[in-house]
Novice: 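There's a structure below that I have some questions on.
One is the number of the first residue; the rest follow in order along the sequence. Keep in mind that what you see is a predicted model, and the values were worked out from it rather than measured. Just follow the structure's listing: the first ligand is 1, and inside any ligand the first atom is 1.
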Amino acid sequence: MEKRTIVAMPGDGIGKAVLEECIRVLDAAGFQANYVNGDIGWEFWCKEGNPLPQRTIDLITEHKIALFGAITSKPKDEAFNELAPELREKNLVYASPIVSLRQFFGLDICMRPCRSFIGNPLNFIRRAADGGIEEPKIDVVIFRQNTEGLYGGVEWSNPPKQVYDALMTHPKFKQNFGMHPVEEISVSTRIFSKKYTGRILRASFEHARKFGYKSVTVCEKPNVIRETSGMMYKMAQQIQKNEYPEIQLWNTNIDAQMMWLTKNPEDYGVIVAGNMFGDIASDGFAGLIGGLGFAASAQYNPETGVAVFEPTHGSAPKYADYEVSIVNPIAMIDSAIMMLEFIGEKEIAAKIRTAVAEVVSEGKVRTYDMMKMTGRADVVTKGAASTRQMADAIIEKLK
Ligand code: NAI
Ligand code: MG
């Protein structure tokens, strides 16, 4: 079998620990790959004034597939203060390398699966009608448009005259905001394009078809946000009718979806939304399946095939310097499983998924989060597994 090259970007803090363990698991499962290290994160901001060096962009351009741990971001002032002295005169501005990656490679599809593992003590439970306890099996995949909408970055405080004048041509703006002085107005836009709305919708329907989900739910707010949410829902209706008639199209409002989250999460399959509502919905569902230790994600560009796989969690700086890493590597490992599926290594993906599921359901090896402990360096002396021990347990199941 030909060896793949994977760009491995550990980033900062616990990103390093979880990625290292993840690669051990991939090796043990028989995935044939060379890993080339991609520099990213705070360290490179401080040393070089750029948290996403061009050499890393070049590596991803060449190899297309990347695994990513997590990075640290800090507020403007701290970013400046930690910059190497010789770089301080250069007017450098810190920009999140994740956002830069997304923009540079046009990673417009973000996919976040939320599937409960049987036996995970962090699984959501609820009261049944007869007074007993129910533990619904959740298997939801959220498709979030990753480049447009409210996170598109088109925003102003004290907007320039042309923008203000254009806004004043809208009767609602004039009526509801026209009385405020322009310098007291902030505007963040929510722009959707047909091209990228169509892409996220098709990606979600395609996924439903490929993996046998019966429904795709558009989770927006078309009754109020008529233009953007309305456009997405209308396009979804057409795409469903013309291209995916066997899949049901459902429509929920983001606010109602959050209420239903705990009522009937097992009813949902694929959920698709714009940038911000997708972010909200995916965090909501992730909370039902164990939270940050279990929340995986993929971001990709369906045209170029460039794809970055990463856990949803950040660099958890407070745990970064522990001699023994205590964090849960499963979110990272699940992200790698998504990578394997993406590149067509379905058997190895299934093998690792089964191994993780066995370890979780056996319940003998659990990281501190799964034991509902407060994260501290001494949790490993109190029965919690370390990051490495969790990976070892998964590797043991692969044998
Ligand atoms: P975080 O996700 O790093 O940590 C929040 C808390 O979640 C941790 O203190 C820990 O209790 C728990 N946690 C996170 N990952 C875990 C794991 N694998 N296993 C067990 N518990 C886990 O978020 P926080 O503290 O808001 O941000 C820390 C830094 O990370 C910041 O600099 C932030 O900008 C950055 N960040 C980076 C992200 C990324 O690289 N994609 C995403 C979110 C935050
Ligand atoms: Mg989020």
Side-chain angles (χ1 to χ4, degrees), residues 8-22 25 38-46 51-52 56 66-79 81-82 94-103 107 110-112 117 120-122 144 146 151 275 278-280 282-283 286-287 289-299 308-322 324-336 338 356 359-360 365-377 379-380 384-391 394:
M9 301 187 288
D12 302 303
I14 64 165
K16 294 186 167 76
V18 293
L19 185 53
E20 185 185 335
E21 297 308 328
C22 171
V25 170
D39 293 336
I40 191 169
W42 198 249
E43 187 187 334
F44 302 96
W45 162 254
C46 299
L52 180 64
T56 305
L67 283 172
F68 173 35
I71 50 103
T72 297
S73 286
K74 296 187 190 179
K76 218 168 143 183
D77 291 351
E78 277 178 71
N81 291 335
E82 293 187 30
Y94 178 81
S96 160
I98 302 177
V99 177
S100 307
L101 266 181
R102 241 174 241 168
Q103 287 169 347
L107 306 175
C110 174
M111 188 181 153
R112 294 182 170 180
F117 285 107
N120 184 352
L122 300 176
R144 160 189 173 193
N146 214 22
Y151 299 172
N275 210 335
D279 202 8
I280 294 171
S282 60
D283 275 12
I289 58 122
L292 290 175
F294 289 88
S297 83
Q299 312 182 54
V308 178
F309 301 85
E310 55 165 325
T312 309
H313 64 73
S315 60
K318 60 181 177 185
Y319 307 149
D321 300 326
Y322 289 2
V324 175
S325 173
I326 63 163
V327 297
N328 192 343
I330 292 180
M332 180 79 240
I333 293 167
D334 270 353
S335 306
M338 294 173 81
V356 174
V359 171
V360 174
V365 179
R366 287 176 170 170
T367 43
Y368 83 94
D369 53 322
M370 299 172 75
M371 299 181 81
K372 310 196 184 197
M373 290 175 166
T374 303
R376 291 207 329 230
V379 294
V380 284
S386 65
T387 309
R388 167 140 299 185
Q389 285 168 330
M390 176 54 90
I394 294 166

Novice: How about Arg388 and Val324: do any of their side-chain heavy atoms sit closer than 4.5 Å?
Specialist: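 The answer is no; the side chains never approach within 4.5 Å.
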Novice: Take atom 41 (N) of ligand 1 and look for protein heavy atoms under 4.0 Å from it; say yes if you find one, no if not.
Specialist: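 Flag for atom 41 (N) of ligand 1 set to true, protein heavy atom closer than 4.0 Å.
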Novice: Apply the test side chain to side chain contact (heavy atoms under 4.5 Å, CB included) to residues Val327 and Thr367: give CA-CA distance (whole Å), side-chain angles for both, the deciding distance (0.1 Å), then the verdict.
Specialist: CA-CA 7 Å; Val327 297; Thr367 43; over 6 Å; no
Novice: List the closest protein heavy-atom neighbour of atom 37 (C) of ligand 1: residue, atom name, distance to the nearest 0.1 Å.
Specialist: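 Ranked first by proximity to atom 37 (C) of ligand 1 is Ile71 O, 3.0 Å.
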Novice: Indicate whether atom 19 (N) of ligand 1 is within a distance of less than 4.0 angstrom of some protein heavy atom.
Specialist: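 It does: a protein heavy atom is found less than 4.0 Å away from atom 19 (N) of ligand 1.
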Novice: How about Asn81: does its CG atom have over 12 heavy atoms from other parts shown lying under 6.0 Å from it?
Specialist: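 Atom CG in Asn81 is crowded, with more than 12 foreign heavy atoms closer than 6.0 Å.
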Novice: Considering Met370, His313, Met332 one by one, which has a heavy atom nearer to atom 15 (N) of ligand 1 than any of the others?
Specialist: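 Heavy atom nearest to atom 15 (N) of ligand 1 belongs to His313.
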Novice: Evaluate the side chain to side chain contact (heavy atoms under 4.5 Å, CB included) criterion for residues Met373 and Ile326: first the C-alpha distance (whole Å), next the side-chain angles of each, then the deciding distance (0.1 Å), finally the verdict.
Specialist: CA-CA 11 Å; Met373 290 175 166; Ile326 63 163; over 6 Å; no
Novice: When you look for heavy atoms under 4.0 Å from ligand 1, do you find them on the side chain of Pro317, its backbone, both, or neither?
Specialist: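 The part of Pro317 near ligand 1 is the side chain, not the backbone.
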Novice: Would you kindly specify which portion of Ile326 sits under 4.0 Å from ligand 1, judged on non-hydrogen atoms: side chain, backbone, both or neither?
Specialist: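 For Ile326, no heavy atom sits under 4.0 Å from ligand 1.
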Novice: Taking the side chain as every heavy atom from C-beta outward, state whether Gln299 and Arg102 have any atom pair closer than 4.5 Å.
Specialist: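 When only atoms from C-beta onward are counted, Arg102 and Gln299 do touch, with a gap below 4.5 Å.
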Novice: Should the ring pair Phe294 and Phe117 be called parallel, tilted or perpendicular, given that the plane angle runs from 0 to 90° and is split at 30 and 60?
Specialist: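 Answer is tilted, since the angle falls between 30° and 60°.
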Novice: With heavy-atom distances below 4.5 Å as the criterion, would you say the side chains of Arg144 and Tyr151 are in contact?
Specialist: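 Yes; the side chains approach each other to less than 4.5 Å.
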Novice: Test Trp45 against Lys74 for side chain to side chain contact (heavy atoms under 4.5 Å, CB included), laying out the working first.
Specialist: CA-CA 11 Å; Trp45 162 254; Lys74 296 187 190 179; over 6 Å; no
Novice: Work out whether the distance between some heavy atom of Thr312 and some atom of ligand 1 is less than 4.0 Å.
Specialist: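 In this structure, Thr312 qualifies as a contact of ligand 1 - some heavy atom is under 4.0 Å.
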Novice: What's the shortest distance from atom 12 (C) of ligand 1 to any protein heavy atom, and which residue and atom give it?
Specialist: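 The closest one turns out to be Tyr368 OH, 4.0 Å.
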Novice: Is there a polar contact between ligand 1 and Ser315, counting only N or O atoms under 3.5 Å apart?
Specialist: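 Yes, since at least one N or O of Ser315 sits under 3.5 Å from an N or O of ligand 1.
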Novice: Would you mind checking which non-hydrogen protein atom is closest to atom 9 (O) of ligand 1, with the distance to 0.1 Å?
Specialist: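 Ranking protein heavy atoms by distance from atom 9 (O) of ligand 1, first comes Lys318 CE, 3.0 Å.
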Novice: For Ala70, counting its heavy atoms only, list the atoms of ligand 1 lying under 4.0 Å from any of them.
Specialist: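 Under 4.0 Å from Ala70, ligand 1 has these atoms: 40 (O).
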Novice: Taking side chain as C-beta onward, heavy atoms only, is Ile98 less than 4.5 Å from Glu310?
Specialist: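 Touching, per the 4.5 Å side-chain cut-off.
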Novice: Do Ile333 and Cys22 come within less than 4.5 Å of each other through their side chains, counting heavy atoms only?
Specialist: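 Yes. Closest side-chain heavy atoms under 4.5 Å.
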Novice: Val359 vs Met390, test: side chain to side chain contact (heavy atoms under 4.5 Å, CB included). Steps then yes/no.
Specialist: CA-CA 8 Å; Val359 171; Met390 176 54 90; 3.8 Å; yes
Novice: Ignoring hydrogens, tell whether any protein atom lies closer than 4.0 Å to atom 26 (O) of ligand 1; use the non-hydrogen atoms only.
Specialist: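 Neighbour list for atom 26 (O) of ligand 1 is empty of protein heavy atoms (cut-off 4.0 Å).
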Novice: Identify, for atom 39 (C) of ligand 1, the protein heavy atom at the shortest distance, and state residue, atom and that distance.
Specialist: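 Result for atom 39 (C) of ligand 1: Ile98 CD1, 3.3 Å.
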Novice: Taking distance alone, with no angle check, do Gly314 and ligand 1 share an N/O pair under 3.5 Å?
Specialist: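 For ligand 1, there is an N or O atom that lies under 3.5 Å from one belonging to Gly314.
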Novice: For Asn328 and ligand 1, does the shortest N/O to N/O distance drop below 3.5 Å?
Specialist: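 Yes.
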Novice: Tell me the protein heavy atom at minimum distance from atom 5 (C) of ligand 1, and give that distance in Å.
Specialist: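 That would be Leu292 CD1, 4.0 Å.
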Novice: Is it the side chain, the backbone, both or neither of Glu310 that has a heavy atom closer than 4.0 Å to ligand 1?
Specialist: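 Contact part for Glu310 vs ligand 1: side chain (C-beta onward).
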Novice: Looking only at protein heavy atoms, which one is nearest to atom 33 (C) of ligand 1, and what is the separation?
Specialist: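 Of every protein heavy atom, Ser73 N, 4.1 Å lies nearest to atom 33 (C) of ligand 1.
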Novice: Between Thr72 and ligand 1, does any nitrogen or oxygen pair lie at a separation below 3.5 Å?
Specialist: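 No.
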Novice: Are any non-hydrogen side-chain atoms of Leu101 and Ile40 less than 4.5 angstrom apart?
Specialist: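 The answer is yes; the side chains approach within 4.5 Å.
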Novice: Taking non-hydrogen atoms only, is Ile14 closer than 4.0 angstrom to ligand 1 via side chain, backbone, both or neither?
Specialist: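 Looking at Ile14 and ligand 1, just side chain atoms fall under 4.0 Å.
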Novice: Numbering the atoms of ligand 1 from 1, which are under 4.0 Å from a heavy atom of Val327?
Specialist: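 So the answer, numbered in order with elements, is 17 (C), 18 (N), 19 (N).
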Novice: Can you find an N/O atom of Ala316 closer than 3.5 Å to an N/O atom of ligand 1?
Specialist: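 Yes, there is a polar N/O contact under 3.5 Å.
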Novice: Considering Phe68, Tyr319, Trp42 one by one, which has a heavy atom nearer to atom 11 (O) of ligand 1 than any of the others?
Specialist: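 Answer by nearest heavy atom: Tyr319.
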Novice: Measuring only between side-chain heavy atoms, which start at C-beta, is His313 closer than 4.5 Å to Ile14?
Specialist: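 In short, these two side chains touch, coming nearer than 4.5 Å.
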